[in-house]
Amino acid sequence: MKKKLLLAIPILAIVIQFLPAPAKTNPPVDPARTLQAVMKPPAGVAGILERACADCHSNETRWPWYANVAPVSWPVRRHVEDGRKHVNFSEWLKPGDTNFTDWNTLEDICESVKSGEMPLAGYDWLHPEAKLTDADRQAVCAWVDQAFEGAK
Ligand code: HEC
């Protein structure tokens, strides 16, 4: 009985690789429509967004190897799919828009780092470069404030 159970585990591990999973995609990026191009954040802020957010909030996800191994791949892929739906640096200008109007999303970026809600819990275990210092959080919010000021 025990032997059979032990055999079942590797078989199950293989079988689940063939179950349907969220897609692992990197859709094309129009460089003119990215957050970087439209908002021109200072290099420090651009760097923070790149290292701590872009994997889930852009079309330029650096997929880790475990994004190919079920069941770990399922939440990883779902987080990217979900993250892009909420905020996508690569599609900062929505199709058809010629200038930026989504100020709520910009405000949310500051709120999400200030509250510690983002980067998503657990992400920094495997991506220590995504850990944000207080100075990082302040830099992001100062940039957001400046963008609001500039638009007045
Ligand atoms: C591991 C993936 C991941 C990383 C890394 C990540 N996010 Fe998210 N983010 C998500 C997911 C998933 C959601 C949607 C579900 C939720 O709100 O928890 C989300 C939602 C958001 C939202 C919308 C929140 C709302 O209230 O609607 C903002 C803003 C946001 N993220 C900003 C950021 C910023 C800024 C960073 C980097 C400092 C970041 N995220 C890093 C996955 C991630």
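Start at 1 with the first residue, then count along the sequence. What you are looking at is a predicted structure, and each value in this text was computed from that prediction instead of being measured. Start at 1 and go down the list; that is how both ligands and their atoms are numbered.
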Phe100 and Trp103 aromatic ring geometry - parallel, tilted or perpendicular at 30°/60° bounds: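 Ring orientation of Trp103 relative to Phe100: perpendicular.
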
Aromatic ring pairing Phe89/His57, orientation class (parallel under 30°, perpendicular over 60°, tilted between):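 If you compare the ring of Phe89 with that of His57, the planes turn out tilted.
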
Single hit among Thr105, Thr34, Asn59 for side chain to side chain donor-acceptor pair (under 3.5 Å) with Asn88: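 Filter result, single survivor: Asn59.
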
Protein residues that have a heavy atom under 4.0 Å from any atom of ligand 1, sorted by chain and number: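 Within 4.0 Å of ligand 1, protein side: Ala52, Cys53, Cys56, His57, His79, Asp82, Gly83, His86, Val87, Asp108, Ile109, Ser112, Val113, Met118, Pro119, Leu120, Tyr123, Leu132.
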
Show me the side-chain donor-acceptor pairs of residues 7-23 shorter than 3.5 Å, one per line, residues at least two apart or across chains.
{"from": "Gln17", "atom 1": "OE1", "to": "Ala70", "atom 2": "N", "distance (Å)": "2.9"}
{"from": "Gln17", "atom 1": "NE2", "to": "Ala13", "atom 2": "O", "distance (Å)": "2.9"}
{"from": "Gln17", "atom 1": "NE2", "to": "Ala70", "atom 2": "O", "distance (Å)": "2.9"}

Flag for Asp136-Thr133: side-chain donor and acceptor within less than 3.5 Å: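 Asp136 and Thr133 do have a side-chain donor-acceptor pair below 3.5 Å.
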
Lys24 NZ to Asn68 CG distance, which is reported to the nearest 0.5 Å: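 CG of Asn68 is found 3.5 Å from NZ of Lys24.
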
